[in-house]
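Working notes, beginning with the structure itself.
Only a predicted model underlies this, so the values are computations on that prediction, with no experimental measurement involved.
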Amino acid sequence: MINITLPDGSVREYEHGTTAMQIALSISEGLARNVLAAEVNGEVWDASRAIEADSNVKLLTWNDADGKNTFWHSSAHLLAEALEALYPGTKFGIGPPLKEQPGFYYDVDFGDREFSSDEFKKIEDKIIELAKTKEEYVRKPMSKADAIAYFTEKGDEYKLDLLKDLPDGGITFYTQGNFTDLCRGPHIPNTGFIKAVKLTSVAGAYWRGDETRKQLTRIYAVTFPKASELTDYLTLIEEAKKRDHRKLGKELELFAFSEKVGAGLPLWLPKGAALRERLVQFLTKAQVKAGYEQVITPHIGHKSLYVTSGHYEKYGADSFQPIKTPQEGEEFFLKPMNCPHHCEIYKTKPRSYKDLPVRFAEFGTVYRYEQSGELHGLTRVRGFTQDDAHLFCRPDQVKEEFKKVIDLVLYVFGALGFEDYTAQVSLRDPNNKTKYIGSDENWAIAESAIIEAAAEKGLRTIEVEGEAAFYGPKLDFMVKDALGRKWQLGTIQVDYNLPERFELEYTGSDNQKHRPVMIHRAPFGSMERFVAVLIEHCAGNFPLWLSPEQFTILPISEKYEDYAKKLSESLKDSDICGLIDFRDEKIGRKIRDAEVKKIPYMLIVGEKEAAEGLVSVRKHGEGDLGSMTIEEFTQKIKKEITV
C-alpha cells in the first residue's frame, strides 16, 4: 500500500500502482468525470499513470491552469491527427499550449501545398469527428534508437531534429487513434473531453525560431470542454479586437512603426510621448518619496561588462551582434540590461553599512533581438524602456526593502485600475540548475526571502518552478485586465549573484568587508508593454490624469475662436492640456470625432457661452453636463485628477 496526501492535508491509503483517476473515482464519480490530469509531487502527470510510491497528489480539472494546459496540448495532438488524415504527408514540428492566452498552436510543413484559413472549417469538423471517438491518449516509453527508427521511416525530419537533444531513457511517445507523436506529455484521458474547437489564425514560423531554416505553417486554435464556453470566448475575442492596442494606438495617434527604422523599434508620436511622460513623472514622484536616486547610463557597454554580469553567456548568441570600433579587437554591445551599469555606479565610491540601502532608479532603454515572428505591437519589441531600479542593501534589510517595493507596485496598480492580480513566486528549476548562476545556498536564502515577504504582505501567491531569472528568483505580478486576460507586468527580484560577480562591497559595523544584496524591480515592467496592456484594459479611455488630451474646445464657428483661445490658455495655465478644433465642420461632426478620439471633455462655445463667459461641457461616453464657468470646470478637472 502507498499513502496519498491530498491538497487539504488528508492522507488516504491506496494499492501500489494506483492512478490519479482511480483516486478521483474513490472520492466521487462526478470528480472523476472532470479530472484532466494530476500533479504528483509537483510534476503534472497523466491521470492514468501508475503512482508507485507515497506521493502528494492534486487532481487537475478545467479550473486549474495546468489542467487547461494539458487540455490544450492534447488538443494540439488531435489537430495534428486531423491534418494528417486530411493532408497525407504533412510533417510536424511542435504543438505547445500558448503561454499568455487560451489555446495552442502546431507548426507544420505542408510541403509544396498552399494552405489558407479557407480550410479551417473542414479541419474543425474533422477534429470534432475524431474527438467523438473518445480515443485514449496512450503513453509509451521509447528507446532513442527506436524513436529515431520510427521517424526515419515516417520521413519526419523535424521530430528527428528534436530527438538529437533528448537523452536516451527519457523519451516517450503518445498515441491517440491513428496518430503517434514524440511527446513527454502529459495528456487528458481521452479525446472525448474536447467538445468545441475554433481555428483562430495561421502564420509563418521559422523552425526552432531560426531565420536560416525553413518557414513552417503555424496554425493557432483553441478548444473547450463545452460549446457554450467557445461561444463566450468568441464574444470576448470580438471585444478584444476593438481594444487591440495596435488598432487603438493608430487611431489615437500614440505610436507607429517604420520599416526604415526597423521592426520592433517603436516610434512614440506626440500624444503617445505625452502619455508615457505622465507615467514616468507619476512613478518618479513616488520613487523620490521612497528614497530612490535617479541615474542615467549609456545605451551601449563594453563586452567585458556583460561577460562579467553573465548576460553575454546567457543572451549573447540571441542578442544584437557586437559593435566593432576602429580599435582592433574592441567590441561593444547594445545594452540588454541596466543592472550591470548600476553595479558599476555602486562601485564609484566606498560604501558603509550606514549608507545602505542605496536605491538607483533609471528609465533605461534596452535592446534584445526578438525573432521577427515573435514581434507583436508594443508587447514584444526589440527596443524598450524599463522603469528599472536596483537596490543595494545589507542581508538583514532584504525582506523589509522587498516589502516596500511590493507596496510601490501595488500603489502603481491601484492608480491605474489594475485590481485583479496574482503574485507569482518564480523559482529556479531544481532539475536544471545549469540554466542559473550562483550557489545553492544563496538561491535558498533568496527564495525564502521572497516567499516570506509576500506572505507578510498578505499577497495571493502561486509558486512556479523554472521561471526565475538566471541570476535569482523573482516575484512576478500577473494582472488580469478588463477582459480577464492575464499579463505579467511588475516584477521584483532578489539577487545574491551579481554582487559576487562585480565584487561589490560595503564596510560593516565590524569594520570588515561584506557583500550587499541586490533587489531588481520594475513596477511597469517595460513602458511599451505596460502602455499596450493599459490601452487594452481601458479600451483607450485613459484616466483623466493620464490622458494626453484632457479636453478639446469646439467653437461653433470661427467667430468664437478668439474666445476658445482665451479658454485654452486659462486651462493650460492650470496644467490642464488639450486643443482647439479649428476645422470648418458642423458641431455634430466635431463632437463625433472627439468621441472617436476618446477625449475626456468637450467644451462647446458659441454666442451664448462667449457672451456670458461660460462653456457648454460634454463628457466622453456620458453626454451633456450643462454649462459652467471656466473656473468651475477647472476645479472639476482638478478634483477628478486628484481622486
With no hydrogens and no angle check, is any side-chain donor or acceptor of Ser10 less than 3.5 Å from a backbone partner on Leu6? no
Which donor-acceptor pairs under 3.5 Å do the side chains of residues 128-136 make with protein atoms, sequence neighbours left out?
from: Glu129; atom 1: OE2; to: Lys126; atom 2: NZ; distance (Å): 3.2
from: Thr133; atom 1: OG1; to: Leu130; atom 2: O; distance (Å): 2.5

Using salt bridge (Lys or Arg N to Asp or Glu O under 4.0 Å) as the criterion, list what pairs up with Asp165, not counting sequence neighbours. Arg208
Check step by step if salt bridge (Lys or Arg N to Asp or Glu O under 4.0 Å) holds for Asp156 and Lys91. CA-CA 6 Å; Asp156 201 328; Lys91 299 174 183 179; over 6 Å; no
Without swapping roles, check the side chain of Lys457 against the backbone of Asp407 for a donor-acceptor pair under 3.5 Å. no
Does the Asp54 side chain pair with the main chain of Ile2, one donor and one acceptor, at a distance under 3.5 Å? no
Is any side-chain heavy atom of His245 closer than 4.5 Å to one of His376? yes
Show your working on side-chain contact (heavy atoms from CB on, under 4.5 Å) between Arg529 and Trp487 and close with a plain yes or no. CA-CA 9 Å; Arg529 182 181 174 84; Trp487 302 89; 3.9 Å; yes
Not counting sequence neighbours, which residues clear ring pair (Phe, Tyr, Trp, His ring centres under 6.0 Å) with Phe104? List them please. none
Arg382 charged N/C atom sitting above Tyr369 aromatic ring, 6.0 Å / 45°: yes
Spacing of CD belonging to Gln386 relative to SG belonging to Cys339, to within rounding of 0.5 Å: 8.0 Å
About how many Å separate OG1 of Thr61 and CG of Leu59, when rounded to the nearest 0.5 Å? 9.0 Å
With sequence neighbours left out, the residues meeting salt bridge (Lys or Arg N to Asp or Glu O under 4.0 Å) with Asp481 are Arg485
So Leu160 and Ile148, do their side chains get closer than 4.5 Å, heavy atoms only? yes
Checking Tyr158 now: which residues fulfil ring pair (Phe, Tyr, Trp, His ring centres under 6.0 Å) with it, not counting sequence neighbours? Trp207
Return the set of residues passing ring pair (Phe, Tyr, Trp, His ring centres under 6.0 Å) with Trp443 (not counting sequence neighbours), or none when no residue passes. Tyr436
Does CD in Glu52 sit with more than 12 non-hydrogen atoms of other residues, nucleotides or ligands closer than 6.0 Å? yes
Side-chain donor-acceptor pairs of residues 446-453 under 3.5 Å, sequence neighbours excluded:
from: Glu447; atom 1: OE2; to: Arg428; atom 2: N; distance (Å): 3.1
from: Ser448; atom 1: OG; to: Ala444; atom 2: O; distance (Å): 3.0
from: Glu452; atom 1: OE1; to: Lys399; atom 2: NZ; distance (Å): 3.3

If you draw a 6.0 Å radius around NZ in Lys144, do more than 12 non-hydrogen atoms from other residues or ligands fall strictly inside? yes
Judged by atom type as modelled, is there a donor-acceptor pair below 3.5 Å linking the side chain of His311 to the main-chain atoms of Met337? no
Closest heavy-atom pair, Thr379 versus Ala532, reported as atoms and distance to 0.1 Å, is CG2-CB, 3.6 Å
Applying ring pair (Phe, Tyr, Trp, His ring centres under 6.0 Å) as the test, list every pair that has at least one member in residues 12-44; sequence neighbours left out. none
Distance-only, no hydrogens or angles: does the Asn338 side chain make a donor-acceptor pair with backbone N or O of Asp388 under 3.5 Å? no
Let me check something: any side-chain donor-acceptor pairs from residues 76-85 under 3.5 Å, sequence neighbours excluded? List them with distances.
from: His77; atom 1: NE2; to: His187; atom 2: NE2; distance (Å): 3.4
from: Glu81; atom 1: OE1; to: Gln176; atom 2: NE2; distance (Å): 3.1
from: Glu81; atom 1: OE2; to: Asn178; atom 2: N; distance (Å): 3.2
from: Glu84; atom 1: OE2; to: Lys154; atom 2: NZ; distance (Å): 2.9

Passes side-chain hydrogen bond (donor to acceptor under 3.5 Å, both in side chains), Asn3 versus Thr5? Steps please. CA-CA 6 Å; Asn3 291 319; Thr5 304; over 6 Å; no
Where the side chain of Arg213 meets the backbone of Tyr206, is there a donor-acceptor pair that is under 3.5 Å apart? no
Could you please spell out the steps behind the side-chain contact (heavy atoms from CB on, under 4.5 Å) verdict for Val366 and Phe384? CA-CA 6 Å; Val366 297; Phe384 54 95; 3.4 Å; yes
SG (Cys343) and CE (Met518) are apart, to the nearest 0.5 Å, by 4.0 Å
Distance (rounded to the nearest 0.5 Å) between Met21 CE and Ile23 CD1: 11.0 Å
Set of residues satisfying ring pair (Phe, Tyr, Trp, His ring centres under 6.0 Å) with respect to Phe413, sequence neighbours excluded: Tyr421, Phe477
Which pairs, with at least one residue in residues 18-66 and sequence neighbours excluded, count as a ring pair (Phe, Tyr, Trp, His ring centres under 6.0 Å)? Trp62-Phe71, Trp62-Trp72, Trp62-Phe224
Examine distances only and state if a side-chain atom of Asp64 and a backbone atom of Asp66 form a donor-acceptor pair shorter than 3.5 Å. no
Between Lys198 (side chain) and Ala221 (backbone), is there a donor-acceptor pair under 3.5 Å? no
Would the distance check show the side chain of Asp46 and the main-chain N or O of Ser48 forming a donor-acceptor pair, the cut-off being under 3.5 Å? no
When the ring centroid of Phe418 is compared with that of Phe530, is the distance short of 6.0 Å? yes
If I take atom CD1 from residue Ile462 and atom OG1 from residue Thr422, how far apart are they, to the nearest 0.5 angstrom? 6.0 Å
Would you say the side chain of Tyr174 lies within less than 4.5 Å of the side chain of Asp181, judging by non-hydrogen atoms? no
Glu465 and Pro430, any side-chain heavy atoms less than 4.5 Å apart: yes
Any side-chain heavy-atom pair from Leu475 and Phe402 closer than 4.5 angstrom? yes
In the structure I gave you, are the side-chain heavy atoms of Phe173 and Cys183 within less than 4.5 Å of one another anywhere? no
Go through the steps to decide whether Leu410 and Leu459 satisfy the test side-chain contact (heavy atoms from CB on, under 4.5 Å), and finish with yes or no. CA-CA 10 Å; Leu410 299 187; Leu459 293 180; 4.1 Å; yes
Within 6.0 angstrom of Arg184 CZ, more than 12 heavy atoms from elsewhere: no
Relative to each other, are the rings of Tyr106 and Phe92 parallel, tilted or perpendicular (30° and 60° limits)? perpendicular
Using only atom types and a distance under 3.5 Å, with no angle test, would you say the side chain of Asn34 pairs donor to acceptor with the backbone of Gly30? yes
Quick one, Asn69 and Val44 - any side-chain contact, counting heavy atoms below 4.5 Å? no
Under the side chain to side chain contact (heavy atoms under 4.5 Å, CB included) test, residues paired with Glu29 that sit two or more places apart: Leu25, Arg33
Out of Gln371, Glu374, Arg368, which one pairs with Arg380 under the side chain to side chain contact (heavy atoms under 4.5 Å, CB included) rule? Glu374
Could you tell me whether the side chain of Pro523 reaches within less than 4.5 Å of the side chain of Val409, counting heavy atoms only? yes
Quiz question: by atom type and distance under 3.5 Å, do the side chains of Glu441 and Ser439 form a donor-acceptor pair? no
From CD1 (Ile94) to NE2 (His73), nearest 0.5 Å: 10.0 Å
